[in-house]
Amino acid sequence: MLDEIGTLDNIEPWIIKKIENGEKLMGFGHRIYKTNDPRADALKEVAENLAGESDWFDLAVAL
């Protein structure tokens, strides 16, 4: 998905295109958690420590 999006500027158009085409956005939300998946904060912290200075991490967080 990040390869397909490519840049920060392409996030919103990519999402709009997927929604307009009726496609599902994998990894966004879960029917059990109505606000925030409690595992997400811990995972983000670990990923941030491992990623260091990474355009991919910045793209993923912005997405």
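Position 1 is the first residue of the sequence, and the numbers go up from there.
Shown here for Ser54 and Ala51, the closest heavy-atom pair between the two residues is CB-O, 3.6 Å. Nearest heavy atom pair, residue Leu2 against residue Leu63, reads CD2-CD2, 4.1 Å.
With rounding to the nearest 0.5 angstrom, the CG atom of Asn49 is 12.0 Å from the NZ atom of Lys44.
The shortest side-chain heavy-atom distance between Leu59 and Ile11 falls under the 4.5 Å cut-off. At a threshold of 4.5 Å between non-hydrogen side-chain atoms, the residues Leu25 and Trp14 count as touching.
Taking a 6.0 Å sphere around CG of Asp55, one finds it holds 12 or fewer heavy atoms contributed by other residues, nucleotides or ligands.
Here Val46 sits in one hydrophobic cluster together with Leu50; the rule is ILVMFWY side chains under 4.5 Å apart, joined directly or through other members.
Listed by chain and residue number, nothing satisfies the salt bridge (charged side-chain N to carboxylate O under 4.0 Å, His left out) test with Glu45 (two or more places apart in sequence, or in another chain).
Linking ILVMFWY side-chain heavy atoms closer than 4.5 Å, directly or via other members, places Val61 and Leu43 in two distinct hydrophobic clusters.
Between Lys17 and Glu4 there is no salt bridge, since none of the side-chain N atoms of the basic residue sits less than 4.0 Å from a carboxylate O of the acidic one.
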